[in-house]
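No experiment lies behind these values; they were computed from the predicted model shown. Side chains are part of it too, since the values below use all heavy atoms of this structure and drop only hydrogens, waters and symmetry mates.
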Amino acid sequence: YGNRTHPILKVQQFHNGLDMAAPSGSPILAAYDGEVVAADYSGTMGNYIMIDHGSGLYTVYMHASALYVSKGAEVSRGQKIAAVGSTGRSTGPHLHFEVRVKKEDGTVLDTHGFSCDLSNEKSGEIYWLNSAGGMLLVGCMNQINAVTSNAMGYAITPSNKKAIKAFEYGTCSTKAIAVDDNAIFVDIFRRTIQGIKYSTVYEEFSKDSLTAFNEDITLGKIKEIAYQSRKIPILWCVKKSGQVIGCTISMKDKVVAWFENDFGGKVISIATMPNLDEERDDVYFLVEREINGDTKTYLEGLTSGLRDGEVSAENAFFVDCGFELDSPTEVKQITGLDHLEGKSVKVLADGAVHPDRVVENGTIDLQFGAKHIIVGIGYESILQPATIIPAEGTERSEKHISGIELMLQKTLGGKVGVANNMKIMPMRFANMDMDKAVGLFTGNYKVASGGVWSKDADVVIIQDEPLPMTVQAIYLTMEVAR
């Protein structure tokens, strides 16, 4: 319903009904009791039926393969009146269902369209529409307005409507998105991200700034946003510079955690769409990369990295612009890498990290044969918690972290340490088979940090190999000078 490009005429037209795809011959049922006032054929509508339900309300059913009632017949709600088809101007079997309202005396009905004047002359250009708390939010250049009913809990109708100011700051043309009953939008300067929600308890709008505690994260101005609702809720933002930032977000739980992403290229655009098979949202990026001196534009999608139920790193996919090969026999030469020409790439071969390679003529050679190979541009994941203050008054005291314990889940490899004193975390032990890939580690992992005394006791955790790492908790042993 609404404006669309006509599938046959290829022009913008208003589509005043709902198209519902169904197998040819599927039964079409009357929406309500009424009289059939038309049962005919049209070159555009195909076989169609129109039913008068009284009080100026009509329903129309188009493109049928067969009609089972005639003009003048009385029908009941749920009665079979026709069969789904593709007659008339149609591209496939479907039902075009339409509701029409006609009132000869000019009475305004609740089903009629209406216009609404915004409450403030400074609103400016309208950029987007969204909903929050049962209201229609109108994002304008100079402020956010809301259209609601005169009495809360009632539908907005031509005779029951009003416009109010919801937020005193304006927005930009980047479309707002809905997250946990909030409308999330970018401000007019493209530097802050705001959340707005109407509270029916306090009868007022509540506002949250998602960038209040990390204002520098948006330096370079936000160009576009997209929301990944599952499996992990993340608000993705593309900056005008091509850098990507993300925010793990839950408005209802007050979780806002920002992070930066380096894709090794310039991100032009971003989009999300549901993946019903894997019960998550797929995230796609349009990325410009410098390949062998030329600028190439690729459409790349995020994978889950590690599938549910995996116990080894064999299928771990932690590279950018990646390539995956499954071979029935072991291979030592990988071809088909023209999209990575000239790049230094990370390689995971049968779950083991292979020395880096440089792609030449779309090919790399391995030191040993493997059946399952993943190749791509490597990246470094860095986790650095805020500076730890063990007790009040010790902010500038000398501190020494002597031990670090990490609670890990399905992790392999990585480094941990204090400042520049990083320790590799080996996970292959003497009692393991040397000719098999190491299994994923879940549990507590202890490291003697060897850190020095310092006023800033900062712990850093790094994963710079194409392997999985999930840190659930960090425990420290710390001494403080008095």
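One finds no salt bridge joining D365 and R357 here, because no Lys/Arg side-chain nitrogen approaches an Asp/Glu carboxylate oxygen to under 4.0 Å. Ion pair E98/R100 flagged as a salt bridge, since at least one NZ, NE, NH1 or NH2 atom sits closer than 4.0 Å to an Asp/Glu carboxylate oxygen.
Ring geometry, H94 versus H63: the interplanar angle falls from 30° to 60°, so the pair is classed tilted. In this structure, W236 and F259 have perpendicular ring planes: the angle between them is above 60°, well past the 30° mark.
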V147 and K162: CA distance, side-chain angles, deciding distance, side-chain contact (heavy atoms from CB on, under 4.5 Å) verdict: CA-CA 6 Å; V147 178; K162 65 178 178 179; over 6 Å; no

Test side-chain contact (heavy atoms from CB on, under 4.5 Å) on L408 and V471 and set out the steps. CA-CA 5 Å; L408 303 175; V471 181; 3.9 Å; yes

Between V319 and V347, does a side-chain contact (heavy atoms from CB on, under 4.5 Å) hold up when you go through it step by step? CA-CA 9 Å; V319 292; V347 181; over 6 Å; no

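For H53, the ring-ring contact (aromatic ring centres under 6.0 Å, His included) criterion is met by no residue, not counting sequence neighbours. Residues satisfying the side-chain hydrogen bond (donor to acceptor under 3.5 Å, both in side chains) criterion with S229, sequence neighbours excluded, are D281. Under the side-chain contact (heavy atoms from CB on, under 4.5 Å) criterion, K71 pairs with no residue at all, not counting sequence neighbours. With sequence neighbours excluded, the residues that form a side-chain contact (heavy atoms from CB on, under 4.5 Å) with C247 are L235, I249, V256, W258. Q194 pairs by the side-chain contact (heavy atoms from CB on, under 4.5 Å) definition with F167, F185, T192, S209, not counting sequence neighbours.
Enclosure of atom CD in E215 is not indicated, since only 12 or fewer non-hydrogen atoms of other residues, nucleotides or ligands lie within 6.0 angstrom. More than 12 heavy atoms of other residues, nucleotides or ligands lie within 6.0 Å of CG in L29, so this atom counts as buried by the packing criterion. Counting non-hydrogen atoms of other residues, nucleotides and ligands closer than 6.0 Å to CG of N361 gives a total of 12 or fewer. Atom OH of Y169 is surrounded by 12 or fewer heavy atoms from other residues, nucleotides or ligands within 6.0 Å. At most 12 heavy atoms of other shown residues, nucleotides or ligands fall within 6.0 angstrom of atom CD in E360. For K175, the NZ atom is loosely surrounded, since the number of other residues' heavy atoms within 6.0 Å does not exceed 12. The number of heavy atoms from other shown groups lying within 6.0 Å of CE (M273) does not exceed 12.
With a 4.5 Å cut-off on side-chain heavy atoms, V138 and I144 do not count as touching. V99 has its side chain within reach of L57: a pair of non-hydrogen atoms, C-beta onward, lies under 4.5 Å apart. Counting only heavy atoms from C-beta outward, the side chains of L137 and I196 approach each other to under 4.5 Å. Between H339 and F323, the closest side-chain pair of non-hydrogen atoms falls below 4.5 Å. Contact check for T174 versus I222: no side-chain heavy atoms found under the 4.5 Å cut-off. With contacts defined as side-chain heavy-atom distances shorter than 4.5 Å, the pair T211/F213 does not qualify. Residues L340 and I377 form a side-chain contact, since some pair of their non-hydrogen atoms from C-beta on lies under 4.5 Å apart.
E278 and S304 are not linked by any side-chain donor-acceptor pair at a separation below 3.5 angstrom, with hydrogens and angles left out of the test. Judged by distance alone, the side chains of T59 and Y61 do bring a donor and an acceptor atom under 3.5 Å apart. In the model, H372 has no side-chain atom that pairs as donor or acceptor with a side-chain atom of D350 under 3.5 Å.
Between the side chain of E341 and the backbone N or O of G362 there is at least one donor-acceptor pair closer than 3.5 Å. Without hydrogens or angle criteria, D180 side chain to M251 main chain gives a donor-acceptor distance under 3.5 Å. Of the possible donor and acceptor atoms, none in the side chain of N275 sits under 3.5 Å from a partner among the backbone N and O of D282. The backbone N or O of M141 sits nowhere less than 3.5 Å from a side-chain atom of T171 that would complete a donor-acceptor pair. Counting only distance, with no hydrogens or angles, the side chain of S173 and the backbone of Y127 share no donor-acceptor pair below 3.5 Å. Side chain of N130 to backbone of A176: a donor-acceptor contact under 3.5 angstrom is found. Within the 3.5 Å criterion, the main-chain N or O of G46 finds no donor-acceptor partner in the side chain of T87.
Nearest heavy-atom pair across T411 and M469 is OG1-CA, 3.5 Å. Residues K221 and F189 share a closest heavy-atom pair of NZ-O, 3.1 Å. Between A313 and L440 the shortest heavy-atom distance is N-CD2, 3.9 Å. Q228 approaches T272 most closely through the heavy-atom pair N-CG2, 4.2 Å. Across all non-hydrogen atoms, the minimal contact from S24 to P93 is N-CB, 3.9 Å. The heavy-atom pair separating F318 from L467 by the smallest distance is CD1-C, 3.8 Å.
In this structure, Y48 has its ring center at least 6.0 angstrom away from the ring center of Y41.
Applying the salt bridge (Lys or Arg N to Asp or Glu O under 4.0 Å) test to residues at least two apart or on different chains, the pairs with a partner in residues 294-311 are K231-D308, R289-E300, R307-E310.
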